[in-house]
Protein chains: 2
Amino acid sequence: MTVSLRERRKQQTARDIQIATLELAAQKGLDQVTTEEIAAAAGVSTRTFFNYFVNKESAAIGTPPPYSDEDKTALCEGNGPLHQDLKAFLNAHIKALTEDAPVVRLVGNVLRSNEKARGILDGFLMAERESLTEDLTARVKNKQLAAALSGMATDAIGRTIFLWEHSENLSLSAALDIIWEGILEASKQMAASSE
Amino acid sequence: MTVSLRERRKQQTARDIQIATLELAAQKGLDQVTTEEIAAAAGVSTRTFFNYFVNKESAAIGTPPPYSDEDKTALCEGNGPLHQDLKAFLNAHIKALTEDAPVVRLVGNVLRSNEKARGILDGFLMAERESLTEDLTARVKNKQLAAALSGMATDAIGRTIFLWEHSENLSLSAALDIIWEGILEASKQMAASSE
DNA sequence: CCATATTCCTGCATACTGTGCAATATTTGC
DNA sequence: GCAAATATTGCACAGTATGCAGGAATATGG
């Protein structure tokens, strides 16, 4: 076994707390849920709850899947057209999100009504975007260009999830295709006669 | 006089509270400042502080300048190339921000370290972006395209402020020019061979 | 298998946040 | 001025979050 019993227990407890938080939040809104309730539902003391997460909003968000390192290196070492490599990169990330679709949906629900949770996720996404920008700089050799591209990418993920949450019978990856179409069209219009 | 004494007092008090909040936050970080201190510095009771703002993070952010209605209609009724009209739109908004540059700087400072504040601003920006998307839809007749464009615009504002805060001797509008250059370049690369 | 070191969980004390309510003070319109 | 409307304030109270210290569970080494 690669991880100790202690390690596994810790991860299990963290997940228990997150699930308990999300389920209670789904029932009556995160603001109406007390940390005491969450702790009880997760089978730990209030004090332990705060050993795992600094507040209930963080508990709801948990640790979202980061951009994978392989995907990032594939992107910056890719030799296809940029838009195609970027799309492949986003496809991979969306696929990772699909694994946890139910949690994504519950988290999205919390984000809609809770500002603090948005801020926490936003901080996470900013860090992700920054790291993607750095990697992209290796490929395109231009900081501002890389920043613009990685902004487009991160924005695309966000809008994809939003579209998916608000549509019936639309997979995450189908939603991405729609969003991506809009981005390509926007790029064309922006690039048109911009010399 | 267009506004009553009461109205003016209210606005003055709101501003007093915001300034007090930002100054105390600049000294020792918003997290280390209590609402009691802020209220005392602004010359009101703690209870009154909460009549004006729901929490200290909102007090720090205050009410950021929204996209102006004239600028929005100018944008969607414009007949120049899209990238040019969009740039003009952003120029106008950045000019508005320049009026309050010191406050923008202090707010930026808070945003860097406070997640809750980021979430609050994020909510505000989401609403702004959505309204811009609607207006743009009138011009480009395509929801996803409009959403992508308004995402680029809002992102540009954010990155402009960031660049400006981290550079010596760079005006907000000069920062926007640099960011904009990156966006145009990104659009070109994305549009290249995307048929 | 036991001893003990390490890590984790918990209860308790405490400071701060945010809201409802009722009393008090201020402004407004007449 | 005076009554109605609106703002401010103090107080009570529930919830959030952290430090600390003792006890429980797990890991390690013989």
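Chain naming here is simple, since letters A, B, ... match the order of the sequence lines and numbering starts at 1 in each. Owing to the predicted nature of the structure, the values given are computational and were not obtained by experimental measurement.
Heavy-atom distances to DNA chain D give each of A/N51 and A/L30 a nearest nucleotide, and the one nearer the 5′ end belongs to A/L30.
For B/K10, taking side-chain heavy atoms from C-beta onward, the closest of the listed nucleotides C/dT10, C/dT19, D/dA7 is D/dA7.
For B/R112, the CZ atom counts as densely surrounded, since its 6.0 Å shell holds more than 12 non-hydrogen atoms of other residues, nucleotides or ligands.
The phosphate of C/dT17 has neither OP1 nor OP2 within less than 4.0 Å of any side-chain N or O from B/K116. Checking the phosphate oxygens (OP1, OP2) of D/dG15, no side-chain nitrogen or oxygen of A/T34 falls inside 4.0 Å. The phosphate of D/dA7 (OP1 or OP2) has no side-chain N or O of B/Y52 nearer than 4.0 angstrom.
A salt bridge links A/R129 with B/D155; the closest basic N to acidic carboxylate O contact falls under 4.0 Å.
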Show me the protein contacts with nucleotides 3-6 of chain C, counting only N or O atoms at under 3.5 Å.
{"residue": "C/dT6", "atom": "O2", "partner": "A/R6", "partner atom": "NH2", "Å": "3.3"}

List every contact pair, protein side and nucleotides 11-14 of chain C side both N or O, where the distance is under 3.5 Å.
{"residue": "C/dG11", "atom": "O6", "partner": "A/R47", "partner atom": "NE", "Å": "3.4"}

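Under the rule for a salt bridge (charged side-chain N to carboxylate O under 4.0 Å, His left out), the partners of B/D85 that lie at least two apart in sequence or sit in another chain are B/R139.
B/V107 pairs in a side chain to side chain contact (heavy atoms under 4.5 Å, CB included) with only one of the listed residues (B/L22, B/D100, B/T21), which is B/L22.
Neither side chain, B/R118 nor B/N114, offers a donor N or O lying under 3.5 Å from an acceptor on the other. With hydrogens and angles left out, the side-chain atoms of A/R105 and A/N109 include no donor and acceptor closer than 3.5 Å. Counted by atom type alone, B/N55 and B/S58 present one or more donor-acceptor pairs between their side chains at under 3.5 Å.
Residue contacts shown for B/N55 are limited to sugar-phosphate atoms, with no base heavy atom under 4.0 Å away.
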